[in-house]
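The next block holds one structure in the form of structure tokens; read it before the comments.
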Amino acid sequence: MNDTRLPELPSGDEIAVRGLYRRMLDGWNRRDGAAFAGPFAEDGEVIGYDGSGHRGRSVIAAELGRVFADHPTPRYVAAVRRVRALGAGVAQLEAVVGMVPAGARELDPGLNAVQTVIAVNAGAGWRIALLQNTPARYDLRPDLGTVLTEELRELVRRWGAVESSG
């Protein structure tokens, strides 16, 4: 019988992947497109909350720079749920995020999302290959949406809208 379990992710690699994610969110919260894109692989990709996609670190940096220049953007608060190996040099990070609109002190539950990051290490260190940002609407389970909103509100109260946990 074949063993189909995924390999364990060494703790140093998990720390590195979590660090990439924090740097990415910190770049967003500082409204700095280059800092947001910095942790991505050269050919990394972002699939945004609205379904838009951007491929390539320089494209991501330029597009986010334009967004930050043209729009007030909410700040992220996040909780990492899990980091796991998918194979040698490939890891998946799962997180939930909320956003606090510019000038507000409370998060907007309508902006809650689930984020999945695929990170790769091809020998030159860990980089983000893909960020998938999915609205956390929970249409058929509004109770789950309420629980998530309360968890994220607690993070805002404890850490403020500029911090990420996990």
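Because only heavy atoms are used, hydrogens play no part in the values below, and waters and symmetry mates are left out as well, while side chains stay in.
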### Query
Side-chain heavy atoms under 4.5 angstrom apart, residues restricted to Ile, Leu, Val, Met, Phe, Trp, Tyr: same cluster for Ile15 and Val80?
no
### Task
Give the minimum heavy-atom separation between Asn112 and Gly98, together with the two atoms involved.
OD1-CA, 3.7 Å
### Message
Rounded to the nearest 0.5 Å, what separates atom CD in Glu14 from atom CZ in Arg84?
### Response
12.5 Å
### Query
Going hydrophobic residue to hydrophobic residue with side-chain gaps under 4.5 angstrom, can you get from Tyr49 over to Val59?
no
#### Entry: Contact list for residues 36-45, test salt bridge (charged side-chain N to carboxylate O under 4.0 Å, His left out), sequence neighbours left out
Glu42-Arg57, Glu45-Arg55
### Query
Out of curiosity, Leu152 CG to Glu106 CD, how far, rounded to the nearest 0.5 Å?
11.5 Å
### Query
Do any N or O atoms from the side chain of Arg127 and from the backbone of Gly38 form a donor-acceptor pair under 3.5 angstrom?
yes
### Task
Would you kindly confirm whether Val67 and Leu131 end up in one hydrophobic cluster when ILVMFWY residues are joined by side chain heavy atoms under 4.5 Å apart?
no
### Summary
Value for CD (Gln132) from CD (Glu94), rounded to nearest 0.5 Å, stands at 12.5 Å
## Note on the structure
In short, Gly27 meets Ala35 closest at the heavy-atom pair CA-CB, 3.8 Å
### Message
Quick check: do Asp108 and Pro101 have side-chain heavy atoms less than 4.5 Å from each other?
### Response
yes
### Task
Start with the C-alpha distance between Phe36 and Leu25, add both sets of side-chain angles, then the distance that settles side-chain contact (heavy atoms from CB on, under 4.5 Å), and finish with yes or no.
CA-CA 7 Å; Phe36 177 87; Leu25 292 181; 5.7 Å; no
### Task
Can you run down the salt bridge (charged side-chain N to carboxylate O under 4.0 Å, His left out) pairs that involve residues 140-151, sequence neighbours left out, and say none if there aren't any?
Arg81-Glu151, Arg141-Asp143, Glu150-Arg153
### Query
Has the side chain of Trp126 got a donor or acceptor atom that lies under 3.5 Å from a matching backbone atom of Gly19?
no
#### Entry: Euclidean distance, Leu9 CG relative to Leu86 CG, rounded to 0.5 Å
9.0 Å
### Query
Can you name the closest pair of heavy atoms from Leu107 and Pro109 and give their distance?
O-CD, 3.4 Å
### Task
Working to the nearest 0.5 Å, report the span between CG of Leu64 and CE of Met24.
9.5 Å
### Message
Applying side chain to side chain donor-acceptor pair (under 3.5 Å) to Tyr76 and Gln115, what does each step give before you reach the verdict?
### Response
CA-CA 12 Å; Tyr76 275 117; Gln115 292 185 331; 3.3 Å; yes
### Message
Closer than 4.0 angstrom, basic N to acidic O: yes or no for Asp70 and Arg66?
### Response
yes
#### Entry: Candidate pair Leu130 and Ile47, rule side-chain contact (heavy atoms from CB on, under 4.5 Å), full reasoning
CA-CA 8 Å; Leu130 174 68; Ile47 300 172; 4.0 Å; yes
## Note on the structure
When rounded to the nearest 0.5 Å, the distance separating CD of Glu8 from CG of Asp13 is 12.0 Å
### Task
Could you tell me which non-hydrogen atom of Ala79 sits nearest to which non-hydrogen atom of Leu155, and how far apart they are?
CB-CD1, 3.9 Å
### Summary
Smallest heavy-atom separation, Pro7 atom then Gly87 atom, equals CG-CA, 4.0 Å
#### Entry: Common cluster, Val97/Val147, ILVMFWY with side-chain heavy-atom separation under 4.5 Å
no
